[in-house]
Amino acid sequence: MTTSHYVLTPPETPSLPVQGSAQRFPVNRIFCVGRNYHAHAIEMGRPVDKDKAKPFYFTKASSTLVESGATVPYPCATQNYHYEMELVVAIGARGFRVKEADAAALIYGYGAGLDMTRRDLQLVARETGRPWDLGKDFEKSAVCSEIVPKGMLGVLKSGAIELEVNGQTRQRGDLNQLIWAIPELLADLSQFYHLEPGDLIYTGTPEGVGAVQSGDKITGHVEHVGKVALTIGSAE
Ligand code: MN
């Protein structure tokens, strides 16, 4: 067939490399968890009491995905562009109303991710009760490493999570500080969505978030998982 089924060329499926494989991980939806480390919740002025609170989520379009190692322009419409270093859970099986005890079966693997944020726009949205999209769901804002298959890692419960800007440590935490651990997140999120293979879940950031400028080099690391890197280019 020489003519396309579509009137426009459809976008390519966003995807990530998979460690040890020539095949790639196709990315479906990107869910992000807000305030999932106590010290970060406090630095944002919104401490979390787990007895009274539930996790909450926002999403990024899969078209915002950027592979680790990229240079991205300093984004438009912000004066306060922040990094957030996060463990990313890659979903490999369908799950709806999943029990915590069954959550491991949904996990394909893990990535080291950056939830890049236009903090000024996010905070305006937060203070005015508006959606966070302008602050969170913008082009090239979801950065991720290759996906490491779950293999012997199982359900990650601990491990250092760290971020440096130009070689200086800015964030240092441990996955054992997650307010809602991975099985709790999958059980909760699957009350609201039918989780599908290809979904990514950014699990939240430890304390120490901050701004970057053109020319800065971000490197992050999640123990057992790997590294993520991003260079901030000139403003567009
Ligand atoms: Mn985040």
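One-based numbering, in listed order, for ligands and for the atoms of each. The residues of the chain are indexed from 1 along the displayed sequence.
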Check the orientation of Y74 and Y81. Use parallel for under 30°, tilted for 30 to 60°, and perpendicular for over 60°. perpendicular
If the plane angle is over 60° it's perpendicular, under 30° parallel, otherwise tilted; pick one for W132 and F56. perpendicular
How long is the span from the CG atom in L178 to the CG atom in L156, to the nearest 0.5 Å? 9.5 Å
Answer yes or no for R170 and Y83: cation-pi contact, defined as NZ/CZ to six-membered ring centre under 6.0 Å and angle to ring axis within 45°. no
Nearest to the Mn ion (ligand 1), which N, O or S atom of [X] do we find?
| X | result |
| --- | --- |
| D115 | OD2 |
| E84 | OE1 |
| E86 | OE2 |

